[in-house]
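Quantities reported herein were computed from a predicted structural model and do not represent experimental measurements.
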Amino acid sequence: MDVDALRRDTPGTAHRIHLNNAGAGLLSRQTLTAVTSHLELEATIGGYEAAARERERIDATYTRIARLLGGRPEEVALFDNSTHAWNAAFYSLTFKPGDRILTGRDEYGSSVLAYLQIARRTGAEIVVVPDDEHGQLDTAALADLIDERTRLVGVTHVPTSGGLINPAAEIGRITRAAGVPFLLDATQSVGQFPVDVTEIGCDLLTATGRKFLRGPRGTGFLWVRPEALEYLEPHVVEIQAATWDGERGFTWQPGARRFESWETGYANVLGLETAVRQALGLGLDRIGERALALGAYLRDRLDALPGVTTHDLGAHRCAIVTAKVDGVPAAEVAAALAGHGINVTYTVPEHTQFDTEHRGVHPLVRLSPHYYNTEAELDLTVEAMAGIASGG
């Protein structure tokens, strides 16, 4: 991987050390051009006309995302963000009193709120699967908890709050054997390392374009296993999702596009297509190898600093690194690093409710390098963290 060339193609690297890829990755020049060129085309010839002219590239977005995930184009639906994609999947299931939703301690805050709403509305029960000795979802406990009342297993692949990689493929093996739907939130994993829906065995997967895929904000997607369409009923219907039958009924669109809305920001879609194409060109194996190595390098160096501790769980860890500086609030650490030209963020207890209940370590400073970062940038970050920890 030619990191120097990748950095020349990433304008933001000239001005900042960007370690907030778990928030939003830096756009490449090609992705930026794809977005702005389409906006200019819309301004020149009209929005509908621009979409018609670029229809082939728009349709290619489905093909490229399918290749990224190991699926097929008709199994992909596009959204304006991953939360809307996740909601479209989750709320297409029906629940009744006594049904059980099994999830992990590291589930994302918006998903937890949706579980709580459905539990309040329907009488379904939320069951939080305990962690194993590594701090990841305990798959043996999951297998024991699944019973005839289990309506869904919903799991976050990589949490927003740390470097944990949950054992998604083992979870998929268990859910397939039990015949229980498996919804995987892959928002932080797609684009960071290879994610294959066949290998994992999930029924539904959601992700975003803005994080490790380095696409524009305002993009997300849903993958749906074709067999799952038999028991899913989209929560809303409109002219993109279904066809009027000429009388008083309608027919759902085939495949996953029944979950979409007609109005779409095509400039962002074309930016997403470009970002996915670049990721495929680089190779997710190579991307993952470098990203995870940078995460391990940063984590090890931070662990060696007096007054700094990292808090990442899991037998396998990714490029997200969370840390705490003794006596310095996470928000102040993030602000101090910003003063050094280093982009990071910090975790919010309300965004990881079950993990907060269990560990009580949040907020934490969150640092998330990606393949275009360098070891020299990480060394400068560690040096800055050392100064913060020592009161300098």
Under a 4.5 Å cut-off applied to non-hydrogen side-chain atoms, are [X] and [Y] in contact?
X	Y	value
D131	H358	yes
L204	R225	no
M1	L6	yes
I342	L19	yes
Q188	T160	yes
R359	L313	yes
R258	L229	yes
L93	R151	yes

Mind checking whether [X] and [Y] sit in one hydrophobic cluster, side chains of I, L, V, M, F, W, Y counted as touching below 4.5 Å?
X	Y	result
L164	L184	no
L213	V35	no
V153	V129	yes
F250	L232	no
Y62	V224	no

Between [X] and [Y], is the gap from one ring center to the other below 6.0 Å?
X	Y	result
W86	Y115	yes
F221	F259	no
W262	Y48	yes
H157	F193	yes

Between [X] and [Y], does any side-chain N to carboxylate O distance fall below 4.0 Å?
X	Y	result
D59	R55	yes
R105	D355	no
K96	D99	yes
E199	R173	no

Considering residues, nucleotides and ligands other than [X], do more than 12 of their heavy atoms fall under 6.0 Å from its [atom1]?
X	atom1	value
E383	CD	no
R176	CZ	yes
F90	CZ	yes
R217	CZ	no
H134	NE2	yes
E289	CD	no
E56	CD	no

Taking atom types as modelled and ignoring hydrogens, do the side chains of [X] and [Y] form a donor-acceptor contact shorter than 3.5 angstrom?
X	Y	answer
Y108	Q353	no
N373	Y297	no
D303	T310	yes
E233	T94	no
Q278	Q30	yes
T31	S28	yes

Verify, without hydrogens or angle tests, whether [X] (side chain) and [Y] (backbone) share a donor-acceptor contact under 3.5 angstrom.
X	Y	result
Q136	A315	yes
T356	T352	yes
E377	T374	yes
E238	Q240	yes
E260	F79	no
N268	P216	no
H235	A88	no
R299	C318	yes
R290	Y371	yes
R29	R8	yes

Would you give the length of the straight line joining atom [atom1] of [X] to atom [atom2] of [Y], rounded to the nearest 0.5 angstrom?
X	Y	atom1	atom2	answer
L102	I146	CG	CD1	6.0 Å
L222	L205	CG	CG	8.0 Å
L183	D203	CG	CG	9.0 Å
R53	I58	CZ	CD1	12.0 Å
L32	R214	CG	CZ	11.5 Å
T61	R64	OG1	CZ	8.0 Å

What closest approach, in Å, do L364 and A330 show between heavy atoms, and which atom pair accounts for it?
C-CB, 3.8 Å
In terms of the angle between their ring planes, are Y372 and H18 parallel, tilted or perpendicular, with boundaries placed at 30° and 60°?
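Ring orientation, 0 to 90° scale: parallel.
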Let me see the working for H311 and T309 under side chain to side chain donor-acceptor pair (under 3.5 Å), right down to the final yes or no.
CA-CA 7 Å; H311 291 268; T309 52; 3.1 Å; yes
Side chain to side chain donor-acceptor pair (under 3.5 Å) between T322 and D312: does it pass, once the steps are laid out?
CA-CA 6 Å; T322 52; D312 301 305; 2.8 Å; yes
Within 45° of the ring axis of F95 and under 6.0 Å from its six-membered ring centre, is that where the NZ or CZ of R121 lies?
no
